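Quantities reported herein were computed from a predicted structural model and do not represent experimental measurements. Naming convention: chains lettered A, B, ... in sequence-line order (proteins, then strands); numbering from 1 in each chain. Excluded from the calculations below are hydrogen atoms, water molecules and symmetry mates; all remaining heavy atoms, backbone and side chain alike, are included.
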Amino acid sequence: MTKGIRAIRGFRDIPPEEAWKLSYIEDRTQEHFQRYGYREIRLPMVEFTELFARGIGEATDIVEKEMYTFLDRNGQSLSLRPEGTASAVRAYIEGGWKSQHGITKVYYSGPMFRYERPQKGRYRQFYQLGLEAIGGAGPLVDAEVIDLLHRLFLVVEVQDVRILVNSLGCGKCRPDFRVRLLEYLTGVARELCSNCRRRMESNPLRVLDCKVPGCRSALEKVPVMLDYLCAECEDHFSAVREALDGLEVPYNVDPRIVRGLDYYNRTAFEAVCDRLGSQNAVAAGGRYDGLAKEIGGDAPGIGFAMGLERLGLIMNWDDVVPENPDYYVAAATSSARIPALELGDRLRALGFSVEVDLEDRSLKAQLRSANRMGIDSVLILGDDELSGGTVTLKDFVEKIQREVPLEEFMKEVMAAGTGPERR
RNA sequence: GUGAGCGUAGCUCAACAGGUUAGAGCGCUGGACUGUGGCUCCAGAGGCUGAGGGUUCGAUCCCCUUCGUUCACCCCA
């Protein structure tokens, strides 16, 4: 079990038992996004390192220590994408989509890569589904995006998810706030944990969401961004909230919401759940009006991404069952092996999914397989059936069995048929 | 990058304080039932106990190293 080549740490195989769930989430989510006018965009999984360095921010953890970066054969520094927003905005600029009318609304789905220690709900290759609304600066865009996210959780039946929103201010008001925050933190530095004292230097905003009790009490009167918003940001944020209230989207304003990426401004939001191990974010996003400028364009935007594995972890799967095959064709004798395969093909041509034994196993073993696979209808072919042009139908549920002319059976199937729509 | 736990059959796990031939359940294959599933019974296949070194008369067990894995910290989706 330890022999041979295995998957890279943090890069796991998603077996069929699990993969169908991710597909299910993707399907439901994409339908949902499309109802809001979002269209799929396929983005490269590798970009120039510079895109992420400038877009996400040189000083962020992602860029500093979590990217898969390498030189290609031309000596250019490339990186596996750690997230999708930077690419989407790059595509917007590169494609000149600004000239199109209205807001560009796109969604993407696929693997992201981050060099982190794997743990529950966290892998080095993980799957994200995200969307971006680029080119719109107004608060209604923010509200619709958050509304869409809220309603997505209704569609995929996830309970226990809370939506938290905050405003991070803008380039005008955030620097002031930062100064006030640092003043305060310096004052209470003795009461903070060692982590937070370190964070004061690296990323003071992060101190706000420390969970250590001592820090929490020391931070009771900490200034929050919301109290320092400039007039424009204040107006924007209250307009967003007004719209959310009008749409009856349940949310909480949480001043401790901070984003780990530099490009965010104004509206930031997270969907969190407690049943996710130490991770609690299922989806997160926000506005990034300054991002495009960093990479050679100019456009406001907002978007979010959600972790498919994490969503899969908290979804209620009780009412969602994978479909079993419709028929099992069993060969009772060796001369019926190929005719069994043929019959399988005929049924498949009608849209059914059919299993046929390929291992020359006994009839008993074949029936056992059918039963294990949850297949209710078995068709048996043997020498008797072949010589008589019949097929034996066995129904595990009704517990009945009868032998009928093969062509008659096929006609029945076609008539009642309506080849079930498969997914 | 840091810390802790765990690596025994395909899977989930046993093996009193180091002791003889490493067991069980599930799964798989066959049989009881000459061409008939589920339930039951019987049989069989399947192990360099993650790898390497050490202590010992003797190591799955103790020690060291290494690899893998899980969870947590950090951080994030």
Side-chain angles (χ1 to χ4, degrees), chain A residues 1-4 6-10 12 15 17 56 60-66 81-85 109-130 149 193-196 198-199 202-203 206 209-212 257-261 269-273 276-286 303-314 328 330-336 359-386 392-397 399-401 403:
Chain A
M1 71 230 84
T2 329
K3 289 215 169 140
R6 54 183 143 200
I8 304 164
R9 156 176 295 201
R12 64 204 190 110
E17 297 74 36
I56 298 173
T60 58
D61 277 26
I62 291 181
V63 170
E64 246 173 29
K65 53 188 193 191
E66 295 177 1
R81 62 179 184 190
E83 58 106 42
T85 302
S109 178
M112 302 296 166
F113 306 86
R114 259 122 100 157
Y115 192 93
E116 301 181 273
R117 282 288 270 267
Q119 69 190 63
K120 189 179 179 71
R122 171 195 290 177
Y123 309 97
R124 289 182 175 182
Q125 175 178 331
F126 59 102
Y127 293 83
Q128 274 193 350
L129 232 156
L149 179 60
C193 68
S194 55
N195 250 330
C196 284
R198 187 170 47 74
R199 275 191 281 232
S202 58
N203 191 346
R206 282 254 154 250
D209 72 348
C210 183
K211 299 132 201 154
V212 176
I257 294 289
V258 183
R259 307 274 64 233
L261 293 65
F269 56 96
E270 277 182 17
V272 298
C273 176
L276 267 177
S278 87
Q279 277 64 238
N280 62 4
V282 186
F304 71 82
M306 56 179 217
L308 283 193
E309 292 96 335
R310 291 189 184 179
L311 190 58
L313 242 32
I314 61 172
Y328 191 104
T333 57
S334 58
S335 52
E359 295 177 279
D360 202 30
R361 297 187 303 161
S362 68
L363 179 62
K364 180 201 288 279
Q366 294 178 64
L367 293 175
R368 187 163 47 227
S369 286
N371 191 56
R372 296 259 163 85
M373 285 187 243
I375 301 174
D376 296 329
S377 302
V378 178
L379 309 177
I380 302 173
L381 286 180
D383 290 345
D384 298 346
E385 287 83 355
L386 289 180
T392 296
L393 313 180
K394 187 174 183 66
D395 187 314
F396 284 161
V397 175
K399 297 180 197 286
I400 54 171
Q401 177 170 331
E403 188 175 344

Select base, sugar-phosphate, or nothing to describe what A:E66 touches, counting heavy atoms under 4.0 Å on all strands.
sugar-phosphate

Describe the nucleic acid contact of A:I380 in one word from base, sugar-phosphate, nothing, applying a heavy-atom distance below 4.0 Å.
base

Could you check which of B:G68, B:U36, B:G27 has an atom nearest any side-chain atom of A:R6?
B:G68

Can you identify which nucleotide, out of B:G30, B:C75, B:G35, has its nearest atom closest to the A:D61 side chain?
B:C75

How would you label the contact of A:A330 with the nucleic acid (heavy atoms, under 4.0 Å): base, sugar-phosphate, or nothing?
nothing

So, does A:R9 get its side chain near the phosphate of B:U69, meaning an N or O under 4.0 Å from OP1 or OP2?
yes

Let's see if you can work this out: which of B:G35, B:G38, B:A77 has an atom nearest to the side-chain heavy atoms of A:A332?
B:G35

For atom CZ of A:R124 and atom C1' of B:A77, their distance in whole Å
17 Å

What is the pairing partner of B:G44, taking Watson-Crick or G-U wobble pairs with both distances under 3.5 Å in any strand?
B:C28

Can a cation-pi geometry be assigned to A:R114 and A:F126, taking NZ or CZ under 6.0 Å from the six-membered ring centre and within 45° of the ring axis?
no

At under 4.0 Å, does any side-chain N or O of A:R361 touch on OP1 or OP2 of B:G35?
no

Name the nucleic acid region contacted by A:E385, choosing base, sugar-phosphate or nothing; use a 4.0 angstrom heavy-atom cut-off, strictly under.
base

Under 3.5 Å side-chain donor-acceptor pair for A:T392 and A:E385
yes

Regarding B:G38, can its base be found pairing with the side chain of A:N371 as donor and acceptor, where the two atoms are less than 3.5 Å apart?
no

Whether A:F126 stacks on the six-membered ring of B:A77 base, 5.5 Å and 30° limits
yes

Kindly say whether, by distance alone, the side chain of A:R117 makes a donor-acceptor pair under 3.5 Å with the base of B:U2?
yes

Counting the atoms with a prime plus P, OP1 and OP2 as sugar-phosphate, which does A:K364 contact under 4.0 Å by heavy atoms, base, sugar-phosphate, or nothing?
base

Euclidean distance, A:S369 OG relative to A:Y328 OH, rounded to 0.5 Å
4.5 Å

Pick the nucleotide of RNA chain B nearest each of A:S369 and A:V282; which residue has the one closer to the 5' end?
A:S369

For B:C48 versus B:U60, give the span between their P atoms, rounded off to a whole number of Å.
13 Å

Using a 4.0 Å heavy-atom cut-off across all strands, classify A:Y328 as base, sugar-phosphate, or nothing.
nothing

Counting side-chain heavy atoms from C-beta on, which of B:G37, B:G35, B:G30 comes nearest to A:S362?
B:G30

Using the P atom in both, what is the distance from B:A59 to B:A32, to the nearest Å?
46 Å

Taking side chain as C-beta onward, heavy atoms only, is A:L367 less than 4.5 Å from A:F396?
yes

Within 45° cone and under 6.0 Å: A:R124 NZ/CZ vs A:F113 ring:
no

Does A:R122 have a side-chain nitrogen or oxygen under 4.0 Å from the phosphate oxygens OP1 or OP2 of B:C71?
no

Identify whether any heavy atom of A:A370 sits under 4.0 Å from a base atom; if not, whether one sits that close to sugar-phosphate; answer base, sugar-phosphate or nothing.
nothing

Tell me what A:R310 touches on the nucleic acid: a base, only sugar-phosphate, or nothing, going by heavy atoms under 4.0 Å.
base

Look at the side-chain N and O atoms of A:Q119 and state whether any lies under 4.0 Å from the OP1 or OP2 oxygen of B:C71.
no

Would you indicate which nucleotide in B:C71, B:G30, B:U36 comes nearest to any side-chain atom of A:K120?
B:C71

5′-ward residue of the pair A:T392/A:K65 relative to RNA chain B:
A:T392

Looking at A:D395 and A:K399, is there a salt bridge between them, counting it only when a charged N and a carboxylate O are closer than 4.0 Å?
no

Does A:G121 reach a base, just sugar-phosphate, or nothing at all? Heavy atoms under 4.0 Å.
base

